[in-house]
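Just so it is clear, the model here is predicted, and its values are computed rather than measured.
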Amino acid sequence: MNAIIRTAVFSLLWASSAAFGAGGGDWSPSGPPADPAIEGAQQAIAAKDWTRAAAIMREALVKQPGNADYHNLYAYALRRGPNPDMKRVFDEYEEALRIDPKHRNAHEYIGEAYLQVGDLAKAKEHLAALDKLCFFPCRQYTTLKEAVQAYEKSHR
C-alpha cells in the first residue's frame with residue numbers, strides 16, 4: 001500500500017513540476033494566448049531564417065520595449081544569424097533579464113552565448129541561476145548543463 005501512495009504522490013509532484021515549468025517564456029497550446037510576433041519569429045527560426053526572425057522581433061520591440069520574451073528571442077535570432085554582433089546579443093539578453101530576472105530561456109541562451117565567446121565562468125553563473133530557478137530540473141537547465149559539459153570536454 002505504501003508503494004501505491006508513494007507512486008501517487010510522486011505523480012502529483014511530477015505533474016505540478018510540469019505546470020511550473022511552463023513559465024519563463026515557454027509557450028504551449030495550453031499556455032498563454034498566441035503572440036503573432038513570437039509565432040512569426042518561431043516560424044522563421046524553424047526555417048533557419050535568422051535575419052527574418054530578428055527583423056520580426058526588432059519590429060515587435062518598437063511596440064513593446066518592455067517585453068522580456070521579445071528581447072530574449074531577438075538576441076537568440078541575432079546570435080544564431082550570420083556574423084552576430086555579440087555585444088548587441090548580450091545587451092538584449094541582459095535587458096530580458098533586467099525585465100524578468102527569472103526568465104529561464106534568457107538564462108539558458110545567454111549561457112550558450114557565453115560559451116560561444118569562450119566565457120565558461122559566465123555560462124556557469126547562468127547555469128547556477130537556472131539551478132535555483134528550477135525546483136525540479138527544467139529543460140533550460142538540462143540543455144545548458146549539457147552545453148557546458150560539451151564545452152568543457154572539447155576544451156581540455
Side-chain angles (χ1 to χ4, degrees), residues 9-28 30-32 35 37-39 41-58 60-61 64-156:
V9 169
F10 177 77
S11 296
L12 287 172
L13 287 172
W14 183 82
S16 66
S17 73
F20 284 121
D26 287 340
W27 280 305
S28 64
S30 63
D35 180 314
I38 297 286
E39 284 185 348
Q42 287 177 336
Q43 288 173 359
I45 288 167
K48 298 191 184 322
D49 188 345
W50 310 113
T51 304
R52 185 168 60 105
I56 291 167
M57 296 318 305
R58 185 175 48 250
L61 279 166
Q64 292 186 42
N67 187 316
D69 292 326
Y70 288 6
H71 284 282
N72 177 59
L73 203 50
Y74 181 44
Y76 180 81
L78 290 173
R79 177 170 66 91
R80 298 296 304 264
N83 305 313
D85 175 353
M86 294 305 286
K87 180 186 179 326
R88 181 69 184 260
V89 167
F90 287 115
D91 287 347
E92 293 297 328
Y93 283 132
E94 290 295 340
E95 183 63 10
L97 290 169
R98 186 194 66 74
I99 294 165
D100 180 2
K102 295 180 180 181
H103 198 292
R104 293 184 310 215
N105 285 341
H107 280 291
E108 174 194 348
Y109 296 154
I110 196 172
E112 291 172 354
Y114 278 120
L115 292 176
Q116 193 173 334
V117 299
D119 193 337
L120 179 60
K122 284 292 222 178
K124 285 184 172 183
E125 285 178 23
H126 289 278
L127 183 61
L130 283 168
D131 191 30
K132 291 177 185 173
L133 290 172
C134 301
F135 183 66
F136 288 102
C138 58
R139 177 193 55 78
Q140 295 88 347
Y141 173 82
T142 302
T143 302
L144 183 54
K145 183 175 182 178
E146 289 170 356
V148 165
Q149 289 171 338
Y151 181 90
E152 289 175 325
K153 185 177 179 181
S154 69
H155 288 83
R156 288 186 184 172

Given side chain to side chain contact (heavy atoms under 4.5 Å, CB included), test Tyr76 with Asn105 step by step and report yes or no. CA-CA 10 Å; Tyr76 180 81; Asn105 285 341; over 6 Å; no
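- For the pair Ile99 and Gly66, the tightest heavy-atom approach, listed with the atom from each and the gap, is CG2-O, 3.4 Å.
- A salt bridge does not link Arg98 to Glu94: none of the charged side-chain nitrogens sits closer than 4.0 Å to a carboxylate oxygen.
- Leu73 CG to Ile56 CD1: the interatomic distance, rounded to the nearest 0.5 Å, is 9.0 Å.
- Between Tyr93 and Tyr109, the angle of the ring planes lies from 30° to 60°, which puts this pair in the tilted group.
- Annotation for Ala106 and Asn72: closest pair CA-OD1, 3.1 Å, computed over non-hydrogen atoms.
- Asp69 and His103 share a side-chain donor-acceptor pair at under 3.5 Å.
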Kindly determine whether Leu120 and Tyr114 satisfy side chain to side chain contact (heavy atoms under 4.5 Å, CB included), including the steps that lead there. CA-CA 7 Å; Leu120 179 60; Tyr114 278 120; over 6 Å; no
Walk me through whether Glu152 and Arg156 qualify under salt bridge (charged side-chain N to carboxylate O under 4.0 Å, His left out). CA-CA 6 Å; Glu152 289 175 325; Arg156 288 186 184 172; 5.6 Å; no
Does the side chain to side chain contact (heavy atoms under 4.5 Å, CB included) test come out yes or no for Arg88 and Phe90, once each step is laid out? CA-CA 5 Å; Arg88 181 69 184 260; Phe90 287 115; over 6 Å; no
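- The heavy-atom pair separating Ala75 from Glu92 by the smallest distance is CB-CB, 3.5 Å.
- Taking the side chain as every heavy atom from C-beta outward, Leu78 and Asp85 never approach each other to under 4.5 Å.
- Across Arg139, Gln140, Lys145, a single residue satisfies side-chain hydrogen bond (donor to acceptor under 3.5 Å, both in side chains) together with Glu108, and that is Arg139.
- The two residues Pro65 and His71 come nearest to each other via the heavy atoms O-NE2, 2.7 Å.
- Here the NE2-NZ distance, from His107 to Lys102, works out to 10.0 Å after rounding to the nearest 0.5 Å.
- Minimum heavy-atom separation, Gly111 to Ala123: O-CB, 3.4 Å.
- Here CG of Leu133 is found 12.0 Å from OH of Tyr141. Values are rounded to the nearest 0.5 Å.
- Note that CD of Glu112 is 12.0 Å distant from NE2 of His126, once rounded to the nearest 0.5 Å.
- Rounded to the nearest 0.5 angstrom, Ile110 CD1 and Gln116 CD are separated by 12.0 Å.
- Going from atom CG of Leu61 over to atom CZ of Arg58 covers 9.5 Å, rounded to the nearest 0.5 Å.
- Here the closest non-hydrogen pair linking Ala37 and Tyr70 is CB-OH, 3.9 Å.
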Start with the C-alpha gap between Met57 and Ile38, add the side-chain angles, then the distance that decides, and say whether side chain to side chain contact (heavy atoms under 4.5 Å, CB included) holds. CA-CA 8 Å; Met57 296 318 305; Ile38 297 286; 4.2 Å; yes
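- Between Asp119 and Lys122, no side-chain nitrogen of the basic residue sits less than 4.0 Å from a carboxylate oxygen of the acidic one, so the salt-bridge criterion is not met.
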